[in-house]
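Report on the structure given below.
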Amino acid sequence: MGDYVRVAGTADVKPGHAIVAEVNGKTLAVFNVDGTFHAIDNTCVHRGGPLGEGDVEGNVVTCPWHGWQFNVTTGECLKNPAAKVEVYPVKVEGDDITVLA
Ligand code: FES
């Protein structure tokens with residue numbers, strides 16, 4: 001782990017949406033939940049689907065491949081509590097979203 005890295009501008013991730021960003025060789029999905037940003041691994045723990053391309057409702061993203069759902073604030077899978085994706089700390093600095101990964 002190094003420093004917080006800028007992944008996008010705050011205006012680039014609208015509420016209820018996500019972007020995919022590379023940080024230190026990791027591919028992350030960054031979500032805007034009602035104005036608060038959250039970052040998790042982009043890779044679904046089921047079979048590697050891109051969570052950053054899934055539908056978002058409240059704080060839940062649905063994997064576009066087979067529909068597993070994850071809480072983007074905790075990384076927990078709603079279907080299988082043993083399956084979890086990594087969550088990364090996010091800080092907003094001015095107009096920048098930054099992530100520690
Ligand atoms: S790869 Fe995400 S639900 Fe199957």
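Numbering of ligands and ligand atoms starts at 1, following listing order. Residue indices begin at 1 and follow the sequence shown. The figures here come from the full heavy-atom set of this structure, side chains too, leaving out hydrogens, waters and symmetry mates. All of these numbers come straight from a predicted model, not from anything done at the bench.
- No donor-acceptor pair closer than 3.5 Å links the side chain of Asp96 to the backbone N or O of Thr98.
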Tell me which donor-acceptor pairs under 3.5 Å the side chains of residues 53-70 have, and how far apart each pair is, sequence neighbours excluded?
from  : atom 1 : to    : atom 2 : distance (Å)
Thr62 : OG1    : Gln69 : NE2    : 3.0
His66 : ND1    : His46 : ND1    : 3.1

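- Neighbouring protein atoms of atom 4 (Fe) of ligand 1 (N, O or S, distance under 2.8 Å, waters ignored): His46 ND1, His66 ND1.
- The two atoms that bring Val72 and Val33 nearest to each other are CG2-CG2, 3.7 Å, heavy atoms only.
- The backbone N or O of Thr73 lies less than 3.5 Å from a partner atom in the side chain of Asn71, making a donor-acceptor pair.
- In this structure, the side chain of Lys84 does not engage the main chain of Pro81 through any donor-acceptor pair within 3.5 Å.
- At most 12 non-hydrogen atoms from other residues, nucleotides or ligands lie less than 6.0 angstrom from CG of Asp95.
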